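Take a look at the structure set out below.
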Amino acid sequence: MSAEHKYVPSEIEAKWQKVWQEQKTFKVTEEPDRKKYYLLEMFPYPSGRIHMGHVRNYSIGDVVGRFKKMRGFNVLHPMGWDAFGMPAENAAIKNKSHPAVWTYENIAYMREQLKQMGLSYDWDRELATCDVSYYRWEQKLFVEMFKRGLAYKKKSFVNWCPSCETVLANEQVEDGGCWRCDTEVVQKELEQWFFKITDYAEELLDFTNKLPGWPERVLIMQRNWIGKSIGCEIDFPLEGNGEPIRVFSTRQDTLFGATFMSLAPEHPRALELTTPDRRSEVEAFIEKVKKTDRIMRTADDLEKEGVFTGSYCLNPATGKKMPVYLANFVLVEYGTGAVMAVPTHDQRDFEFAVKYNLPMVVVIQPEGEQLDPATMTAAFTEPGIMANSGQFDGQKSETSKEAIAHWLEKEGKGKKTVNFRLRDWGVSRQRYWGSPIPIIYCDSCGTVPVPDKDLPVVLPKDVKFTGEGGSPLATLESFYKVDCPICGKPARRETDTMDTFVESSWYFLRYCSPDFEGGMLDKEKAGYWMSVDQYIGGIEHAVLHLLYARFFTKVMRDLGYVDVDEPFTNLLTQGMVIKDGAKMSKSKGNVVDPDALIKRYGADTARLFSLFAAPPEKDLDWNEQGVDGCFRFINRVWKLIHEHLETVIKAPVLDVTALTDEERSLRRAVHKTLKKVTEDIDERFHFNTAIAAVMELMNTLQGSRLSTPQGASVMKEALETVVAMLAPFIPHVTEELWQSLGHKTPLSATPWPLFDAEAIIDEELLIVVQVNGKLRSKLSVPAVIDEEAVKKLAVSDDRIKLFTDEKQIRKVIYVPGKLVNIVVA
RNA sequence: GCGGGCAUGGUGGAAUAGGUAGACACAAGAGACUUAAAAUCUCUCGGGGGCAACCCUGUGCCGGUUCGAGUCCGGCUGCCCGCACCA
């Protein structure tokens, strides 16, 4: 082969990227008459440069995008930048620069990297969440949410990361540490803004059963996180005067067995209920619990400890006195922060009762057994038969729950309740590089939202980054000193910014009309594109981003912005990129740099390997030799096509009635492959097997020597099909080869080929013959053959006779077109 | 502890609806071409036996269902992930 026909990725990749950009190949607009397909990959944080996780994520997405486009869909495939966040601020402090400078430089670099990968984005829709043109609408929504009570401020204990010097939402605390920097999270009491996600808890949960296109494990994680439990709120009157203590319990069937009360040490009434003689001991206990760090406190082997407050309450069912304790295992944030303790039927209460010598009464008996508190070694937590429970004795504990709830309500002692583990989403962050919260505090008028005409609240540029004392906004007079929009008196602006997860909760909606000046989105355009048909990203956002985005979509629906209930119809969570048995990371020293990879092999090879080595949802083991193999494969395709170019271009029109057996057989292989590849991409997202099928066909083609004119036509069809099938995976080299094959229209604008149903019909079938389920022979039979004839052939086969001679044939099973199994005694 | 997932050659992985286990690729070995190397091409490649045709065995372990099980069911073991004193 001459030098001019050598495969040089860098040349052809630059060439086609330029063509796609200049011709705006992937720019889309709303076309109501066409089927739309909204494809989205999670947008990146502009950290500096893309990593292999991005390469994989975006390669997977690009296959789907290019394939759907060739299949005739109007494909919306946008890209942008999740551009607010802490690393920008930290870099600014370190470099004595500004977060905006760092962020926009990174975006510029990473945009070029993505372009070098040849991804089929509509770049005209690119957005960066740190642009005022983006976050201004988020502020407008905040005000609308505030007016509806969906955004509110309250003083509460919050998760505080001492290293990031900011608050974290519950979802952002992992194993007691900060999700970003792993620093141990402490509790701090602060005034914070919250979004009322709990208002949507029921709907968010309901819809986990209406998202068949989501991986089950993500739905399970979200269900667990929302944590719905059905039970009762029950009021326990105090022995003396005062408000009763309210508890939440899912085990109201054990109410008659409640012998003491456990409150969380942080319970607001803990000290109020403490008698003077117990005060010093109680205070010491509260101090001790506070000092125990969060990880220790939630460890399951933590010793159950508590302290008696000196007060008593009364069991509303039995009237018996119950001592009120503080207990270290009761969580203030769950339920009411108070638990009725039933030591016989709850393991924690049992351990506690044993330690402090508290009374026990068995109120649920296992069937056919009599438990005695004196001899019990553990709580009995299974369902059983009610005992010592007044009018409920003898009932099944499971079914009595409803009756007891009813009785409590009738008696005015409690009511059926649904409790959620989900807390409201704390969105205040004491940081600079985020969207300002559009609120003004006035001594006379209170908390006032910034009026529409004054929006947006622009993040000021003239700030200094010292790295000390939290957000620079809090000390920037020109920012926080404002006049009250209602009374005009001097007032103070909110200096906290919003959690960056707020931006990513609606960016997929903004992509529908990224330049819309009239509001968050153009409702008509969003109506055409939404919902996202396929969303692709990492599993790490299973509860965080994916729950917030679902919540925002529902809020925006209720505010009239969109008509959909859910943002993402189908979700694909891709696996991690692994090398040498570990996730790629700088600290492990096993990172592969995408720039170096593309420089050495080209983007097509990088894409091909990340798609071929494993199916998308599995972890991908990076292997340099495997990359080599993919590069070799592309070269083989390149070479084979150039070898046949002259004959193929002169080939006559294909006449399927004039083919030799060999030609017909080759054509059958081509169309069978096309069928498989189409199905693997479209229905299963199994790109690895699709690529393997094309490799297999390539092996067949390389062994074929077709010498007739019609043979050249068959080869032409075969080569064109190979190129078209590979287009979604390796778009640059296939465009080039498509052009070499004489096509004027780019492959990216060419429809996906359809397989010829006639061509794939087998003339002969291979029938496997088993004796007692073991493979013993194979038969080649005509495709049209009846069952009896196949069975007869099988039974009389010489090799089969060796195994059936002198034995009695009991049964002959025939699976049409596949197999015969002869059962002998 | 609870919930979920996974387990197939030396390696990554295939087997889509219970029907030929190991497609495709990587690595390894042998050979061709070459002065030589690289590149490329050809062959071998789960384990055991046999000169061979072929036979036995094999999908983490034990059992079951079935004419037939990598696939379904029950029980174990190991690994991974999520939640974790949630009342």
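In the text below, chain A, chain B and the rest are named by the order of the sequence lines, each starting its count at 1. We use all heavy atoms of the structure for the numbers below, so side chains are in, but hydrogens, waters and symmetry mates are not. Just so it is clear, the structure is predicted and the values come from calculations on it, not from any experiment.
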Sugar-phosphate, base or nothing in reach of A:L766, heavy atoms under 4.0 Å: base
Sugar-phosphate, base or nothing in reach of A:R251, heavy atoms under 4.0 Å: sugar-phosphate
Side-chain N or O of A:R348 closer than 4.0 Å to phosphate OP1/OP2 of B:C86: yes
Rounded distance in Å - CZ (A:R636) to C1' (B:A39): 14 Å
Aromatic plane relationship, A:Y356 with A:Y325 - under 30° parallel, 30 to 60° tilted, over 60° perpendicular: tilted
Cation-pi, A:F803 ring and A:R776 (6.0 angstrom, 45 degrees): yes
Within 45° cone of A:F420 ring axis and under 6.0 Å: A:K228 NZ or CZ: no
Check: A:K774 side chain, B:U57 base, donor-acceptor under 3.5 Å: no
Any donor-acceptor N/O pair under 3.5 Å between B:C67 base and A:N821 side chain: yes
Candidates B:C86, B:C67, B:A25 - which lies nearest the side chain of A:F612: B:A25
Sub-6.0 Å ring centroid separation between A:F685 and A:F687: yes
Syn/anti state for B:G9 [syn: chi within 90° of 0]: syn
